[in-house]
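The block underneath contains the structure these notes are about, expressed in structure tokens.
Chain letters run A, B, ... following the sequence lines, proteins first, then strands; residues in each count from 1.
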2 protein chains.
Amino acid sequence: MVAEQLDAPNPETLVAEAKAAFRDGAMLTVQARCEVAYEGRTSGHLGPGDRILVAKPDGTFLVHQPTGHKPVNWMPGGGSVSARTSDGDAVLLARRTNPSERVEARILDAYGLTRFDATDGATYEESGTEAEMHEYIEANPDALEEGLRVVEHERESKYGFIDFFARDGNGTPVVVEVKRIQATLNHFDQLQRYVSLYREENDEVRGMLVAPDASERVRRALRDNGLEFVALSEFDTDAKGAMEAKLTDF
Amino acid sequence: MVAEQLDAPNPETLVAEAKAAFRDGAMLTVQARCEVAYEGRTSGHLGPGDRILVAKPDGTFLVHQPTGHKPVNWMPGGGSVSARTSDGDAVLLARRTNPSERVEARILDAYGLTRFDATDGATYEESGTEAEMHEYIEANPDALEEGLRVVEHERESKYGFIDFFARDGNGTPVVVEVKRIQATLNHFDQLQRYVSLYREENDEVRGMLVAPDASERVRRALRDNGLEFVALSEFDTDAKGAMEAKLTDF
DNA sequence: GGGTCGATCTCGCTC
DNA sequence: GAGCGAGGTCGACCC
């Protein structure tokens, strides 16, 4: 029996079932009308309403309202979830230390409960990430500029980590910052921070922001500060084209 | 009947129940062994394993493994979720446009299904946010520096959005950037951009980064660029003290 | 443990 | 719709 369901459990039954699930390392899902309180990095309260509660064996706890991608309240893994009755209600409490915080859900009316003894050994395989873009650039520096040589990847500097430290055909140093998505002003800031370091000592250094696109404002900021924008969409396109072929049509 | 449960539904029953739930605007939870594919901003695949699937009426779709706070695959609200059978399996598909993307879960073995006709009118009330820190500073500018006067809050300049524009005891302008958490290099970038642009026209201006803490690297970056760090932990402490009193002990 | 940075970031706001 | 910044960001990786 991998999953076990209870219909409209009373508080005592819910607490007993929850304790058993936590003890056995099972996932717990509860559909209920509840109130939620959070106390930790900030504090907050959510009045009564219908939500889905999920508790995982690693201490993860999620409160999902009927809309929205993000849980309205949550606890990341690493802590623990416990159950008890209080004033006649079942209460689920998730807590952790460092930072010290807690989420408490008071269950006013439980509509359904599912215990799920899940086993999952698979890991998510992803492609199209910035890490892959880095690999592509390392293997094809000419895609950025003819004659460019990568000297160092993820170079540590006084002001942070530089994606690529390179030299152009003339031997001039080039600081390269890579973004997988359309470049923003913050990305310009980041490149500017790295380049300012080298300009203090070597007047000749180039700064290059590499991304599939950039707004006019970002391009101007780069231009005004003697930095360059390089549109690199080949990687993007290649990756997408290859992947879409794999998907069966619906 | 707010919640309705099915134990180990077969593919046809699952699809029928899912379609009914989507049509009626109910939340759907499925415990199942499944495979998942994502195609969109990146692409990825997750091999067979036990997971909890949640579909919301706003088009949100979540795939949760037994561990971890974040769903391994998801679709934010705004799109739609549909169900069908394919090669004898039930398949749930979530998609949206802009960006165009899709998550497809092939259900190999359904252990449990819950339909939940949830109604929730409550909204989350939070305190301890950066907005409250702003209020505190506006009321107690002396906490940053003796004699400081706040001239403008949330000043929209052509240089960007400045948290506070102030003047010190000598009348020198001060650009203040406030962070609720430990300051990062990106926060330095932000302040640096505002101040450097301001300096182009007004030679004398101070830049102040206000946060509960900052790493040595951030402090050095500030120092090297003529900017200041002000540790403001009073608000943090006060707020936490006041809030912890509200919580009943477990 | 802290520091730094990416993320299918999401969310909310403003223009 | 794009642009910009916050987030209880989380998570990964490196020291």
Side-chain angles (χ1 to χ4, degrees), chain A residues 38-44 60 67-78 94 96 98-103 124 126-134 154 156-157 159-163 177-190 193 213-218 240 243, chain B residues 37-44 60-61 63 67-78 94 96 98-103 124 126-131 133-134 154 156 160-163 177-190 193 213-219 221 240 243:
Chain A
Y38 166 71
E39 180 61 46
R41 285 169 284 183
T42 65
S43 56
T60 297
T67 59
H69 156 77
K70 293 174 64 177
V72 62
N73 277 112
W74 71 93
M75 188 67 71
R96 67 163 172 170
N98 209 269
S100 166
E101 46 187 359
R102 47 193 276 163
V103 172
Y124 185 56
E126 191 177 24
S127 54
T129 59
E130 189 171 299
E132 286 192 359
M133 199 166 170
H134 281 200
E154 308 277 337
E156 177 157 15
S157 80
Y159 289 166
F161 286 83
I162 296 167
D163 278 348
E177 177 67 27
V178 180
K179 294 298 161 187
R180 195 181 59 80
I181 57 174
Q182 176 171 319
T184 70
L185 271 177
N186 281 341
H187 302 152
F188 155 75
D189 287 341
Q190 218 176 320
R193 180 192 345 137
D213 200 2
S215 71
E216 194 40 56
R217 193 164 169 187
V218 170
K240 277 201 171 170
M243 280 142 197
Chain B
Y38 166 70
E39 181 61 45
R41 285 166 288 181
T42 65
S43 57
T60 296
F61 185 61
V63 181
T67 59
H69 156 78
K70 292 175 66 178
V72 61
N73 279 109
W74 70 92
M75 188 66 72
R96 66 162 172 171
N98 209 268
S100 166
E101 45 187 0
R102 48 192 276 165
V103 172
Y124 185 58
E126 192 177 24
S127 54
T129 59
E130 189 168 302
M133 196 164 172
H134 283 197
E154 308 265 317
E156 168 81 55
F161 214 69
I162 296 168
D163 279 348
E177 179 70 27
V178 179
K179 295 299 158 188
R180 195 182 58 78
I181 57 173
Q182 177 170 320
T184 69
L185 280 169
N186 279 341
H187 301 152
F188 157 76
D189 286 341
Q190 241 176 284
R193 181 168 82 233
D213 200 1
S215 72
E216 193 43 54
R217 192 176 261 157
V218 170
R219 288 169 194 259
K240 276 200 172 170
M243 278 143 197

| said: Using the C1' atom as the point on both nucleotides, what is the distance between dC11(C) and dA7(C), in whole Å? | reply: 14 Å

| task | Let me know the distance between CG of N186(A) and C1' of dG3(D), rounded to the nearest Å. | result | 11 Å

| task | In plain terms, say whether K179(B) and D213(B) are close enough for a salt bridge, that is, a side-chain N and a carboxylate O under 4.0 Å apart. | result | no

| said: Heavy atoms only, 4.0 Å cut-off, all strands: where does S215(B) land among base, sugar-phosphate and nothing? | reply: sugar-phosphate

| message | Return a single string for nucleotides 8-14 of chain D, one symbol per nucleotide in 5' to 3' order, where B is base contact, S is sugar-phosphate-only contact and - is none, cutoff 4.0 angstrom on heavy atoms. | response | BSSS---

| How many angstroms lie between NE2 in H187(A) and CG in D189(B), if you round to the nearest 0.5 Å? | 11.0 Å

| task | Tell me which of N98(B) and Q190(B) sits closer to the 5' end of DNA chain D, going by the nucleotide each one is nearest to. | result | N98(B)

| field | Between CD on residue Q190(A) and CD1 on residue I162(A), distance to nearest 0.5 Å | value | 10.5 Å

| Out of curiosity, H69(A) NE2 to K70(B) NZ, how far, rounded to the nearest 0.5 Å? | 7.5 Å

| Polar side-chain atom of R219(B) near backbone of A214(B) as donor-acceptor pair, under 3.5 Å | yes

| Distance, nearest 0.5 Å, that separates CE of M133(B) from CD1 of I181(B) | 10.5 Å

| query | Does R217(B) make a side-chain N or O approach to OP1 or OP2 of dG2(C) shorter than 4.0 Å? | reply | no

| Whole-Å distance separating the NE2 atom of H187(A) from the C1' atom of dG6(C) | 9 Å

| note | From NE2 of H134(A) across to P of dG6(C) the rounded distance in Å is 7 Å

| note | Output for pair (E101(A) CD, R41(A) CZ), nearest 0.5 Å, gives 4.0 Å

| query | By side-chain hydrogen bond (donor to acceptor under 3.5 Å, both in side chains), which residues pair with E156(A), not counting sequence neighbours? | reply | R217(B)

| task | Could you check how far CG of L185(B) sits from P of dG3(C), rounded to whole Å? | result | 10 Å

| note | For DNA chain D, the dot-bracket notation using Watson-Crick and G-U wobble pairs below 3.5 Å, [ ] for pseudoknot-type crossings and | for other-strand pairs, is |||||||.|||||||

| query | Can you tell me if the side-chain N/O atoms of R193(B) get under 4.0 Å from OP1 or OP2 in dG5(D)? | reply | yes

| query | How many Å lie between CD on E156(A) and P on dG3(C), as a whole number? | reply | 13 Å

| Which whole number of Å gives the distance between the P atom of dT8(C) and that of dC4(D)? | 22 Å

| request: Starting from P on dG5(D), measure out to CZ on F188(A) and report it in whole angstrom. | output: 12 Å

| request: In whole angstrom, give the distance that lies between atom CD of E132(A) and atom C1' of dA7(C). | output: 14 Å

| Any side-chain N or O of Q182(B) less than 4.0 Å from the OP1 or OP2 oxygen of dG2(C)? | no

| task | Provide the closest heavy-atom pair for E126(A) versus E132(A) in the form atom of the first, atom of the second, distance. | result | O-OE2, 3.8 Å

| note | Atom CG of D189(B) and atom P of dG6(C) are separated, to the nearest Å, by 11 Å

| Does the R193(A) side chain pair with the main chain of Y159(A), one donor and one acceptor, at a distance under 3.5 Å? | yes

